[in-house]
Amino acid sequence: MKRAFRGRIMTASSGGEGLRYLDDGILVLGEDGRIEAVEPWTGPPNGVLVRDVRPWLLVPGFVDAHLHYPQTRVIGSATGPLLPWLERTVFPEEARFLDERHASAVAAELTQRLAAAGTTTAVLYSSSNPTATRVLFEALARSGHRAFAGLTLMDQHCPDPLRVDADHALAACAELVRAYHGHDRGRLSFVITPRFAPTCSRALLEGAGRLAQDHGLFVQTHVAENPDECRAALAVHPFAKDYLDIYDRTGLLGERTLLAHAIHLSPDEWDRIRDRGARIAHCADSNFFLGSGRMRLADARARAIPVALGTDVAAGRTFDVRRMMSSTYDNAMCLGDPITPEDLFRLGTLGGAEALGIARETGSLEAGKDADFCVIELAAYVQEPNDVLARIVFSSDTTPVRETYVRGKRVVGG
Ligand SMILES: [Zn+2]
């Protein structure tokens with residue numbers, strides 16, 4: 001029997017700037033997992049099993065465009081800034097992912113936390129270990145999340161247990177592409193994932209660029225997060241005229257490239273990001289926690305560069321994309337370029353899907369898209385649409401996620 005949810009509904013929509021809000025609406029799910037209709041409630045439709053969740057709210061599932069699976073257990077480790085934090089906190093933990101049992105246990109925790117936050121789409125860095133990456137994909141295949149995930153590439157300037165030479169790493173990537181890319185009608189994707197320029201040789205970067213090109217894969221990496229990192233990147237790759245040029249000249253910068261942080265960039269680098277059609281994962285909370293700086297969101301928006309939000313766990317302190325909306329607001333306010341709650345909601349849902357090239361499938365509650373959504377607890381006394389939006393964007397702890405669905409199926413962690 002066909003199913004539907006009755007409740008309050010808030011969503012961005014593909015055609016318009018503003019948000020659509022229904023204070024009593026119905027979300028009808030087709031048997032194929034797609035949304036059949038999103039309409040004002042006018043009475044029970046024939047032959048449909050309706051679940052009434054009022055006064056709670058239905059919203060699109062959130063899109064977390066940047067986080068690190070093997071950092072799930074080291075969240076909140078205040079050993080920054082970036083380079084010392086990697087040495088003290090991240091690399092020792094990532095080395096533990098050589099142990100498959102550890103990898104399995106953490107993958108279960110990760111999927112549980114994503115589901116609890118209402119995240120339906122996640123873009124993940126794995127560790128540099130192929131087996132751990134396979135474990136991650138298997139966990140995602142079970143949990144039901146839509147995800148992009150990739151083996152983190154590092155063949156230099158990192159501890160020995162994490163170093164994988166270029167030939168082995170690229171062969172492992174090709175194997176993972178065969179096993180998981182496009183799994184379940186595109187629910188899982190493999191993404192080429194150089195950690196960042198300092199830990200990758202030029203040969204590895206070029207090989208990764210070719211692999212992405214050959215298979216039409218997304219590329220994700222970090223760029224210009226921290227001034228010391230910027231200096232290290234250029235010291236390691238003196239052929240480049242600036243940080244972005246390292247990725248550009250190794251074939252990694254294009255329309256399927258997702259760049260995280262992008263704080264310390266010149267106007268010329270911003271122009272080249274626009275010209276190549278690349279996208280940005282904005283990680284405001286992480287940027288605060290590691291003292292990395294404040295990304296000028298206005299620089300991206302002025303150039304119409306697609307932007308998604310990333311928690312960047314574990315430099316970010318939460319799996320909650322709504323906390324990123326809130327941090328993005330703070331960041332933009334401090335820079336004197338305020339952003340509206342409507343735009344923040346859009347960035348964390350449909351805007352994220354657009355940046356990942358999957359907006360035809362997900363990111364908003366519209367007929368024909370996959371039924372990727374979550375149910376949020378909302379007090380009946382919060383009634384005005386602007387108040388509802390404010391609670392969702394700025395107060396996620398008073399509006400907790402109760403259920404999360406991908407393609408109409410409840411997403412379960414663990
Ligand atoms: Zn990161």
Side-chain angles (χ1 to χ4, degrees), residues 63-94 97 106 110 113-114 119 121-128 132-133 136 147-154 157-158 162 191-200 208 218-230 232-233 243-244 247 252 257-265 278-295 307-321 323-324 327-328 331 352 355-356:
V63 177
D64 187 344
H66 184 100
L67 76 162
H68 298 257
Y69 143 62
Q71 296 173 21
T72 297
R73 286 193 178 176
V74 291
I75 200 162
S77 179
T79 58
L82 175 65
L83 298 181
W85 175 78
L86 286 170
E87 294 290 338
R88 291 175 190 149
T89 294
V90 172
F91 290 156
E93 175 64 13
E94 291 196 2
F97 285 71
V106 176
L110 168 77
R113 295 198 186 286
L114 293 172
T119 296
T121 298
V123 186
L124 294 151
Y125 286 59
S126 180
S127 75
S128 58
T133 307
L136 171 62
F148 296 70
L151 182 78
T152 294
L153 301 174
M154 290 189 273
H157 303 299
C158 64
L162 298 178
V191 51
I192 294 292
T193 308
R195 170 167 231 123
F196 62 170
T199 59
C200 298
F218 251 82
V219 172
Q220 63 175 344
T221 191
H222 301 85
V223 70
E225 179 175 357
N226 168 292
D228 291 336
E229 170 223 4
C230 294
Y243 199 152
L244 189 73
Y247 299 134
L252 288 163
T257 303
L258 184 63
L259 298 167
H261 302 291
I263 299 169
H264 307 284
L265 293 175
R279 289 98 214 284
I280 299 293
H282 181 28
C283 307
D285 185 59
S286 159
N287 296 343
F288 287 130
F289 189 52
L290 296 186
S292 301
R294 292 175 297 191
M295 192 196 89
V307 175
L309 303 184
T311 58
D312 197 17
V313 166
R317 291 159 283 192
T318 174
F319 287 83
D320 186 349
V321 173
R323 295 273 298 279
M324 297 312 106
S327 298
T328 297
N331 182 78
L356 298 170

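In listed order, ligands and their atoms are each counted from 1. Just so you know, these numbers come straight off a predicted model, no measurement behind them.
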(request) Would you check, one step at a time, whether the test salt bridge (Lys or Arg N to Asp or Glu O under 4.0 Å) holds for R195 with E94? (result) CA-CA 12 Å; R195 170 167 231 123; E94 291 196 2; 2.9 Å; yes

(request) Output the atom name for the N/O/S atom of D312 with the smallest distance to the Zn ion (ligand 1). (result) OD1

(message) With rounding to 10 degrees, what does the angle H68:NE2 / the Zn ion (ligand 1) / H222:NE2 come to?
(response)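 Reported to 10°, the angle equals 100°.
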
(message) Taking backbone and side chain together, does E225 place any N/O/S atom at a distance below 2.8 Å from the Zn ion (ligand 1)?
(response) no

(request) May I ask you to check if any N/O/S atom from H261 comes under 2.8 Å of the Zn ion (ligand 1)? (result) no

(request) Could you tell me whether a side-chain N or O of S77 sits under 3.5 Å from a main-chain N or O of V74, the two making a donor and an acceptor? (result) no

(request) Check the surroundings of atom CZ in R323: do more than 12 heavy atoms from other residues, nucleotides or ligands lie under 6.0 Å from it? (result)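 Atom CZ in R323 is not crowded, with 12 or fewer foreign heavy atoms closer than 6.0 Å.
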
(request) For residues Y243 and H264, establish whether the separation of their ring centroids is below 6.0 Å. (result) no

